[in-house]
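Have a look at the structure below before the remarks.
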Amino acid sequence: MGNVRTRVAPSPTGDPHVGTAYVALVNYCFARQCGGEFILRIEDTDQARSTAESERIILQTLRWCGLDWDEGPDVGGPHGPYRQSERSEIYREYAAKLLASGDAFKCFCTPARLDEMRVAQRAAGQPSRYDGLCRTYSAQEVARREAAGESYVIRMVVPDEGTCVVEDLRRGPIEFDYKSVDMQVLVKSDGMPTYHLANVVDDHLMKITHVFRGEEWVSSAPKHLLLYRYFGWEPPKLMHLPLLRNPDKSKLSKRKNPTGILFYRAMGYLPEALVNFLALLANAAHEGEDELMDLAAIVRRFRVEHVPIGGPVFDVPKLDWLNARYIRERLDPETFVERVREWGASPDRLARIATLAAPRIERLSDLGSLLAFLFAGRIALRAADFAGKKMNEEQARQALTLALTELDALPVWNAFGIQSAIERVASSLDRKVRDVARPLYVAITGSPTSIPLYDSMELLGRDLCRERLRNALDVLSNQPVPA
RNA sequence: GGCGCCAUCGUCUAUCGGUUAGGACACUGCCCUUUCAAGGCGGAAAGACGGGUUCGAUUCCCGUUGGCGCUACCA
């Protein structure tokens with residue numbers, strides 16, 4: 001085997017997910033154990049959803065986890081650029097090759113036609129798959145449509161017959177009938193490649209030897225293998241990792257649970273504990289082995305063949321236990337203080353809090369009760385506190401629901417944006433801001449009176465605010481319904 | 001609907017045909033202790049169902065059921 005190279009390729013379309021850290025960890029462990037390289041690549045081909053802010057946070061949180069990469073958009077490397085949006089020329093070139101070899105074709109079909117086709121296929125009990133209409137066009141016909149300015153995408157050719165065998169390092173061979181594999185779009189009408197083209201081209205050019213990725217990619221593996229074949233390249237070894245689950249076994253999702261790495265950081269989990277916990281979900285401890293282990297140990301004992309294939313529940317109580325062990329067994333008082341400072345008492349944060357709190361206290365001893373909410377995770381709430389002179393509990397519930405949506409849509413989390421979001425909530429409810437503020441104060445700070453709301457929310461961070469808002473809605477909707 | 005993946009205590013898992021089915025979290029009893037934690041010692045708790053194969057199946061095969069993923073010009 002040559003030099004082992006693995007990668008993690010997050011899409012900067014939102015807050016970094018613990019699943020991303022899980023996948024990154026596995027790739028990291030394998031590369032480090034083999035003395036190979038671990039690469040970070042940003043998959044930002046979705047121009048509408050990708051943001052620089054998201055990319056920045058992803059890099060920051062993966063570093064916080066202690067997972068450092070040898071090549072990436074920030075550190076460079078011999079196979080860059082490591083941001084797909086900067087590699088358009090490369091993809092264009094390879095798409096042209098496929099077009100020339102007849103392994104891809106231009107497709108002019110409208111979304112309406114495609115939709116109709118899929119509806120019919122489903123009704124007929126057939127797999128959803130492009131019917132190949134545009135493949136039948138002559139070169140002249142294609143040229144005519146192009147000249148007429150019709151927009152098109154480039155699709156890959158998929159055989160109509162035969163089967164594809166995907167060799168998964170852990171699951172063994174997985175068979176797919178080509179009839180059930182769609183002729184995927186490779187290049188969108190905006191000229192950007194889709195994941196399928198970009199990931200194959202990049203993995204090859206970046207000399208990736210092993211790909212550990214989420215299970216959601218299993219069914220598109222045949223397309224990727226086909227592309228490697230069309231290009232005449234040797235595909236990397238593949239292994240699909242299980243998807244982390246909610247307690248109810250559904251895929252871990254933001255709607256049901258906090259999934260952001262930032263949330264766990266804001267809650268005061270230590271990165272070592274989080275990573276250790278994720279490592280246990282990849283390689284469980286043997287009997288008699290201590291489950292508390294540092295990254296070096298995690299790397300040393302990592303075994304591909306021990307990674308489970310069933311989706312494990314992200315069991316927060318166990319994370320709590322591990323985190324508690326790190327706090328009491330691994331932090332001396334000095335380090336403990338340092339961690340507390342990093343978590344919520346940085347000089348900057350304290351200075352900002354001082355500005356907000358000083359005008360509102362009479363004695364320094366008022367600080368404890370005034371600011372406790374800034375140093376807490378979830379807070380205890382009572383439904384009755386949400387109602388004010390202008391709004392009852394039901395109206396408060398509506399306001400909070402709306403606020404949750406508006407706040408989630410904010411691209412950047414700061415007091416200014418939060419203010420505008422809440423003003424939108426007020427106006428869409430035809431209320432004054434001060435009326436909708438009350439339930440928000442209660443949900444966020446635990447009290448109808450506190451230090452300024454928008455700053456408080458910025459200080460608390462998006463994840464904790466979302467959690468408190470959700471918690472508030474829970475409290476409000478679990479009210480006993482009068483008979 | 002189609003295609004694919006998966007299936008052991010509540011949760012994470014061990015077992016690679018023969019075990020009293022083991023460990024960890026959570027739960028719980030007792031001990032320790034100025035409280036609470038922590039810690040120590042115990043306890044309860046599992047092979048989805050139905051067929052095969054086999055002297056013998058949690059383990060191998062098939063089916064059912066269930067969960068999950070994909071089914072986009074998102075990744």
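Computed over heavy atoms, backbone and side chain alike; hydrogens, waters and symmetry mates excluded. Proteins get letters first, then strands, A, B, ... in listed order; numbering begins at 1 in each.
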Touch class at under 4.0 angstrom, heavy-atom based, for A:Pro242 against every strand present | nothing

What is the nucleic acid contact for A:Glu175, judged by heavy atoms within less than 4.0 Å: base, sugar-phosphate only, or nothing?
->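 Sugar-phosphate, backbone atoms only, no base.
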
Rounded to whole angstroms, how far apart are [atom1] on [X] and [atom2] on [N]?
X        : N     : atom1 : atom2 : value
A:Arg122 : B:C70 : CZ    : P     : 13 Å
A:Asp290 : B:C12 : CG    : P     : 21 Å
A:Lys251 : B:G67 : NZ    : P     : 17 Å
A:Phe277 : B:C12 : CZ    : P     : 10 Å

For the rings on A:Tyr269 and A:Trp343, is their centre-to-centre separation under 6.0 Å?
-> no

Tell me whether the centres of the aromatic rings in A:Phe263 and A:His17 are closer together than 6.0 Å.
-> no

Between N or O atoms, less than 3.5 Å apart, protein on one side and nucleotides 19-22 of chain B on the other: list the pairs.
residue : atom : partner  : partner atom : Å
B:G22   : O2'  : A:Glu287 : OE1          : 2.9
B:G22   : O2'  : A:Glu287 : OE2          : 2.3

If you measure from the C1' atom in B:G10 to the same atom in B:G18, how many Å do you get, rounded?
->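 Roughly 30 Å separates the two C1' atoms.
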
Residue-level proximity of residues 62-75 of chain A to RNA chain B when a heavy atom falls under 4.0 Å =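 The stretch gives none, as no residue of it lies under 4.0 Å from the strand.
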
Check: A:Asn246/A:Ser250 side-chain N/O donor and acceptor closer than 3.5 Å | yes

Of A:Gln126 and A:Lys318, whose closest RNA chain B nucleotide lies nearer the 5' terminus?
->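 Result: A:Gln126.
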
Short heteroatom pairs, N/O only, protein and nucleotides 73-75 of chain B, under 3.5 Å:
residue : atom : partner  : partner atom : Å
B:C73   : OP2  : A:Arg118 : NH2          : 3.3
B:C73   : O2   : A:Ser189 : N            : 2.7
B:C73   : O2   : A:Ser189 : OG           : 2.7
B:C73   : N3   : A:Ser189 : OG           : 2.9
B:C74   : OP2  : A:Lys188 : NZ           : 3.3
B:C74   : O2'  : A:Asp46  : OD2          : 2.9
B:C74   : O2'  : A:Arg49  : NH2          : 3.1
B:C74   : O2   : A:Arg49  : NH2          : 3.3
B:A75   : OP1  : A:Thr45  : OG1          : 2.8
B:A75   : OP1  : A:Lys188 : NZ           : 2.7
B:A75   : OP2  : A:Tyr195 : N            : 3.3
B:A75   : O3'  : A:Glu43  : OE1          : 3.1

Of A:Arg7, A:Arg5, A:His210, which meets side chain to side chain donor-acceptor pair (under 3.5 Å) against A:Asp203?
->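 Result for side chain to side chain donor-acceptor pair (under 3.5 Å) with A:Asp203: A:Arg7.
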
